[in-house]
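Numbered from 1 within each chain, the chains take letters A, B, ... in sequence-line order. A quick note: this is a predicted structure, and the numbers were derived from the prediction, not measured.
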2 protein chains.
Amino acid sequence: MRIGEVARRSGVSVRALRYYEQQGLLTSQRTAGGQREYADDAVGRVRFFQQLYAAGLSSRRIAELLPCVDTGTTTAAQRTMLDDERARIAERIAALHTALDRLDDLIVAADARSA
Amino acid sequence: MRIGEVARRSGVSVRALRYYEQQGLLTSQRTAGGQREYADDAVGRVRFFQQLYAAGLSSRRIAELLPCVDTGTTTAAQRTMLDDERARIAERIAALHTALDRLDDLIVAADARSA
DNA sequence: CTTGACTCTGACGTCAACGTCAGGTTCTAG
DNA sequence: CTAGAACCTGACGTTGACGTCAGAGTCAAG
């Protein structure tokens, strides 16, 4: 699969895919002419990255955790990182719930006035 | 209350407080000498901003929603924004839960190997 | 073998939410 | 009244995840 198709199917830009490669997140074969050729699982990987980005992880962090996914090995340091990120995400979820409640307060108040 | 104390009590930098003012989020009185003097509720407001920032809202968006909080009035456009942001935050929470599950998969797999 | 779509590598641009520094002023404790 | 801590206004710097553009090469169809 060439880069344009991966981009379309994963919903990100061609530029983003080249950026992921630069950050060590995504690899590819090259054709004789030098163009990137991706395996089928590239689309799924990119979607996974998007989820982690949306959860607030950085490229560096994702790159550090990728060996856990790819090679199935987990060092003590990686295990600590996993726990740290888990805690961080749990905190973010809590903050989002709080924000949601604050917005709901506003919505309820607005509805009460207009009723 | 002067700016340094607001910063300490709300957990943000002095620079951030001046930035919030520039963005129209936070107002203050001035002393004869030109220094900012904040009301007591400033700390709570700043904490509120931090929650919304953490939830992914921009300064511009927060500024647009502030009238709902401050004046208690809500126009149709603001009501739409409230609903939009509510939906956006709900989506982000779902994405975070997905990411959390993916990390849990990795953690469980790591524990299974080391057990 | 040509054409047009696609891809390549730099390299500079962008945007938000501040950080940081310079050079000067204000406030408050003693 | 003086020292030093805190504050002021610009204004340039930073970071991450890309956007965008230039100039050139590659690929697939006809």
Side-chain angles (χ1 to χ4, degrees), chain A residues 1-39 42-43 45-66 81 85 88-89 92 95 99, chain B residues 1-39 42-43 45-66 85 88-89 92 95-96 99:
Chain A
M1 213 184 336
R2 282 159 68 188
I3 198 170
E5 192 178 349
V6 177
R8 269 191 307 279
R9 288 171 51 178
S10 60
V12 307
S13 70
V14 165
R15 175 69 173 90
L17 294 177
R18 292 200 269 252
Y19 175 75
Y20 297 161
E21 179 178 310
Q22 212 178 358
Q23 301 303 305
L25 303 184
L26 198 60
T27 56
S28 59
Q29 301 297 99
R30 294 295 183 119
T31 67
Q35 300 198 351
R36 291 174 182 81
E37 186 65 30
Y38 292 90
V43 174
R45 278 176 78 87
V46 171
R47 293 221 180 95
F48 180 44
F49 297 156
Q50 290 299 108
Q51 284 175 342
L52 295 184
Y53 279 133
L57 302 222
S58 66
S59 294
R60 166 171 291 279
R61 208 63 160 177
I62 297 175
E64 288 168 340
L65 294 177
L66 267 188
M81 276 191 288
E85 291 305 337
R88 213 185 308 278
I89 292 175
R92 283 178 69 94
Chain B
M1 213 182 338
R2 282 159 66 189
I3 197 170
E5 191 178 350
V6 177
R8 269 190 309 278
R9 288 171 52 175
S10 59
V12 306
S13 70
V14 165
R15 177 67 173 91
L17 293 177
R18 292 199 268 252
Y19 176 75
Y20 297 161
E21 179 177 311
Q22 212 178 357
Q23 301 303 305
L25 302 183
L26 198 61
T27 57
S28 58
Q29 300 297 99
R30 293 297 183 120
T31 67
Q35 302 199 349
R36 290 174 182 80
E37 187 65 30
Y38 292 90
V43 174
R45 278 178 77 87
V46 171
R47 293 221 180 94
F48 180 43
F49 298 157
Q50 289 298 109
Q51 285 175 342
L52 295 184
Y53 279 133
L57 302 222
S58 66
S59 294
R60 167 170 291 279
R61 208 64 161 179
I62 297 174
E64 287 168 341
L65 294 176
L66 267 187
E85 291 304 337
R88 213 186 307 278
I89 292 175
R92 283 178 70 93
L96 284 168

Can you check the [X] [atom1] to [N] [atom2] distance for me, whole Å?
X	N	atom1	atom2	value
L17(A)	dG19(D)	CG	P	10 Å
Y53(A)	dG16(D)	OH	P	11 Å
F49(A)	dC18(D)	CZ	C1'	15 Å
E5(A)	dC6(C)	CD	C1'	12 Å
Q29(A)	dT7(C)	CD	P	17 Å
R8(A)	dT7(C)	CZ	P	7 Å
Q35(A)	dA28(D)	CD	C1'	11 Å
L25(B)	dA16(C)	CG	P	13 Å

Need to verify one output field. Residue with the more 5' nearest nucleotide on DNA chain C, R60(B) or E21(A)? E21(A)
Of all the choices, [options], which nucleotide is nearest to the side chain of [X] once you look at every atom?
X	options	answer
R15(A)	dA11(C), dG19(C), dC8(C)	dA11(C)
R30(A)	dC18(C), dT9(C), dC6(C)	dT9(C)
A16(A)	dA17(D), dC18(D), dC8(C)	dC18(D)
R18(B)	dC7(D), dA17(D), dT9(C)	dC7(D)
R2(A)	dG19(D), dA11(D), dC27(D)	dC27(D)
S58(B)	dA17(C), dG19(D), dT7(C)	dA17(C)
R36(A)	dC8(C), dC18(C), dC18(D)	dC8(C)

Has T31(A) got a side-chain N or O lying under 4.0 Å from the OP1 or OP2 atom of dT26(D)? no
Under 4.0 Å from OP1 or OP2 of dC18(C): is there any side-chain N or O of Y19(B) that close? no
Which part of the nucleic acid, if any, lies within contact of Y20(A), taking any heavy atom under 4.0 Å across all strands shown: a base, the sugar-phosphate backbone alone, or nothing? sugar-phosphate
Take S59(A) and G34(A), find for each the nucleotide of DNA chain D with the closest heavy atom, and name the residue whose nucleotide sits nearer the 5' end. S59(A)
Mind checking whether Y20(A) and Y53(A) have ring centres under 6.0 Å apart? yes
Main-chain N/O of [Y] paired with [X] side-chain donor or acceptor, under 3.5 Å:
X	Y	answer
R36(B)	R18(B)	no
R45(B)	L25(B)	yes
R47(B)	R9(B)	yes

With side chain to side chain contact (heavy atoms under 4.5 Å, CB included) as the test, pick out the partner of S28(B) among R2(B), E21(B), E37(B). E21(B)
